[in-house]
**Student:** 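Mind looking over this structure? Questions follow.
Protein chains get the first letters and strands the later ones, always in sequence-line order, with residue 1 at the start of each.
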Number of protein chains: 2
Amino acid sequence: MSILLRMIPYSLPSSDFAQEKHSLSSWETAVIDLFLNAATSVGLPKSVGQIYGLLFCRDEPLAMDEIMELLSVSKGSASQGLRSLRQLGAVKSQFLPGQRKEHFVAEIRLRKLVSGFLKEQTEPHLEKGKARLNHLQELVDATEDRNSAERGRKRTNVLASWHRQVGKLLPLVKLIVGKTDRSNKR
Amino acid sequence: MSILLRMIPYSLPSSDFAQEKHSLSSWETAVIDLFLNAATSVGLPKSVGQIYGLLFCRDEPLAMDEIMELLSVSKGSASQGLRSLRQLGAVKSQFLPGQRKEHFVAEIRLRKLVSGFLKEQTEPHLEKGKARLNHLQELVDATEDRNSAERGRKRTNVLASWHRQVGKLLPLVKLIVGKTDRSNKR
DNA sequence: CATTTTGTTCATTTTTTCTTGAACAAACAT
DNA sequence: ATGTTTGTTCAAGAAAAAATGAACAAAATG
């Protein structure tokens with residue numbers, strides 16, 4: 001078996017000879033650009049959007065060097081971008097038999113994408129928010145001026161209420177997107 | 001009446017003599033910093049967060065020059081920041097009798113803040129998304145390669161489905177935040 | 001174990017975004 | 001009208017964020 005595998009050169013992939021592995025079709029370019037915009041609009045670097053967009057277009061898993069070439073991005077961007085995407089749960093790496101390189105595919109279930117994004121990007125903020133509220137409480141309790149302290153108490157209460165409401169909202173968002181997501185069975 | 005008003009110097013406000021109009025208490029600084037962080041985390045400039053934070057702390061409407069001084073930000077930042085906040089529905093200007101300058105107060109109903117943010121920051125993206133989907137459809141229809149075209153069709157469908165789902169989600173978010181927002185009667 | 005392949009890290013450069021302040025405009029007052 | 005107050009705009013500078021690529025590490029190969 002190892003002999004057999006060794007006989008297949010890496011540069012001549014067996015079955016997908018007609019596959020456009022080294023160029024993007026025009027609709028793919030458009031999709032990549034769409035994700036580029038979507039990414040920056042939610043505060044992610046554009047390379048992250050591009051990489052996801054490319055993988056979203058393709059059926060076959062891609063290796064990092066293919067991504068670099070197709071998108072003309074640097075090694076560093078590709079590596080870091082893929083790391084971010086993995087953390088968000090937006091790409092998975094898939095092992096191809098006989099291939100050394102790691103290959104990547106896009107997660108296309110909206111529910112997974114949304115919940116990954118929320119978990120990575122907003123839950124940490126909520127956590128820090130809780131800490132900040134406590135700190136705030138202390139500062140208010142330590143204020144001399146009675147009027148200011150009273151005002152501070154009111155505002156702290158408002159913030160605490162907001163915090164609770166947003167905390168309740170996030171699980172609901174996941175739930176709702178999940179409910180209507182037809183593709184959430186593997 | 002004009003005589004009466006002219007007799008009250010601007011620099012000596014009548015009732016609020018003990019008010020710390022020209023300095024921030026420590027809890028206020030903390031709140032401002034909290035909003036600074038919140039703002040940047042949703043992609044708004046930090047000055048916008050600071051300005052909102054300051055107004056959030058105060059009961060009395062503030063004029064632009066007071067904001068500039070308390071936060072040590074430039075005229076330009078103050079002006080543009082207030083414009084953004086107005087567009088988001090996060091501050092309202094309030095006219096004070098006998099005062100020339102425009103004064104500002106913060107909107108503190110979460111429902112209003114969220115819906116303003118969604119309307120200004122995400123609805124436009126959804127709109128553009130619709131246009132992009134149409135463009136994409138054309139590109140796919142124009143692709144020669146049958147395999148690529150077929151793949152393009154599948155992906156376009158996925159994107160269309162996502163678009164629908166997010167479209168349904170946004171109104172629900174507003175609704176949910178509204179439902180539980182105790183402060184949404186004026 | 002020397003070599004090649006693959007992937008990560010991080011200092012530097014590039015790009016993008018934000019802030020500043022001076023020039024301008026509009027409204028008001030005298 | 002003339003000067004003053006108030007607010008906006010925008011070119012230039014400052015700051016922040018992202019991309020690059022060379023140096024490094026880790027793993028597999030022969």
Side-chain angles (χ1 to χ4, degrees), chain A residues 1-11 32 35-37 39-52 54 61-87 91 93-104 121, chain B residues 1-11 35-37 39-52 61-87 91 93-104 121:
Chain A
M1 159 153 133
S2 60
I3 291 174
L4 182 62
L5 285 176
R6 225 181 290 126
M7 303 208 64
I8 304 174
Y10 288 160
S11 45
I32 289 164
F35 278 106
L36 184 160
N37 278 97
T40 59
S41 88
V42 297
L44 296 170
K46 59 184 208 172
S47 63
V48 168
Q50 290 176 293
I51 296 170
Y52 180 84
L54 171 58
L62 294 183
M64 206 175 86
D65 55 353
E66 295 171 314
I67 293 171
M68 286 167 57
E69 183 172 344
L70 285 165
L71 298 175
S72 343
V73 296
S74 70
K75 227 178 184 200
S77 286
S79 175
Q80 292 185 180
L82 284 168
R83 176 148 61 89
S84 304
L85 287 168
R86 238 187 317 223
Q87 266 177 347
V91 309
S93 68
Q94 183 163 312
F95 280 99
L96 261 53
Q99 300 272 117
R100 215 133 135 246
K101 308 172 193 172
E102 198 173 3
H103 284 64
F104 300 90
Q121 310 284 307
Chain B
M1 159 152 133
S2 59
I3 292 172
L4 182 62
L5 285 175
R6 225 180 290 126
M7 302 208 64
I8 304 174
Y10 288 161
S11 46
F35 279 106
L36 185 160
N37 278 97
T40 59
S41 87
V42 298
L44 296 171
K46 58 183 209 174
S47 64
V48 168
Q50 291 176 293
I51 295 170
Y52 180 84
L62 294 183
M64 207 176 85
D65 55 353
E66 295 172 313
I67 294 171
M68 287 167 56
E69 183 173 346
L70 285 165
L71 298 175
S72 344
V73 297
S74 70
K75 228 178 183 199
S77 286
S79 175
Q80 291 185 180
L82 285 168
R83 177 147 61 89
S84 304
L85 287 168
R86 239 187 316 225
Q87 266 176 347
V91 310
S93 68
Q94 183 162 314
F95 280 99
L96 260 52
Q99 300 272 119
R100 267 283 286 297
K101 308 173 192 170
E102 198 172 4
H103 284 65
F104 300 90
Q121 310 284 306

**Student:** Quick one, A:Ile32 and A:Leu70 - any side-chain contact, counting heavy atoms below 4.5 Å?
**Tutor:** no
**Student:** I want to check something: taking the side chain as every heavy atom from C-beta on, are B:Pro61 and B:Phe104 in contact at a cut-off of under 4.5 Å?
**Tutor:** no
**Student:** Counting side-chain heavy atoms from C-beta on, which of C:dT6, D:dA19, C:dT19 comes nearest to B:Ser74?
**Tutor:** C:dT19
**Student:** Answer yes or no: is there a side-chain heavy-atom contact under 4.5 Å between B:Leu44 and B:Ser84?
**Tutor:** no
**Student:** Picking from C:dT20, C:dT6, C:dC18, which would you name as closest to the side chain of B:Ser77?
**Tutor:** C:dT20
**Student:** Starting from P on C:dC18, measure out to CG on B:Leu85 and report it in whole angstrom.
**Tutor:** 14 Å
**Student:** Rounded to the Å, how far apart are A:Lys101 NZ and C:dT5 P?
**Tutor:** 10 Å
**Student:** Might you list the N or O atoms of the protein lying below 3.5 Å from N or O atoms in nucleotides 8-12 of chain C, with each pair's distance?
**Tutor:**
from	atom 1	to	atom 2	distance (Å)
C:dT8	OP2	A:Ser79	OG	2.8
C:dC10	N4	A:Gln80	OE1	3.2

**Student:** Rounded to whole Å, how long is the line connecting atom CD of A:Gln50 with atom P of D:dA19?
**Tutor:** 8 Å
**Student:** What are the two closest non-hydrogen atoms of A:Ser93 and A:Arg86, and how far apart are they?
**Tutor:** CB-NH1, 4.3 Å
**Student:** Rounding to an integer number of Å, can you tell me how far B:Leu44 CG sits from C:dC18 P?
**Tutor:** 9 Å
**Student:** Send over the distance from B:Arg100 CZ to D:dG3 C1', rounded to a whole Å.
**Tutor:** 12 Å
**Student:** Expressed as a whole number of angstroms, how long is the span from B:Glu69:CD to D:dG7:P?
**Tutor:** 15 Å
**Student:** Taking atom C1' of C:dT5 as reference, at what distance in whole Å does atom CG of A:Asp65 sit?
**Tutor:** 10 Å
**Student:** Nearest whole angstrom, please: distance from the C1' of D:dT20 to the CG of A:Leu71.
**Tutor:** 15 Å
**Student:** What I'd like to find out is whether the side chain of A:Val91 reaches to under 4.5 Å of the side chain of A:Ile51, using heavy atoms alone.
**Tutor:** no
**Student:** Taking the side chain as every heavy atom from C-beta outward, state whether B:Met64 and B:Glu102 have any pair of such atoms under 4.5 Å apart.
**Tutor:** no
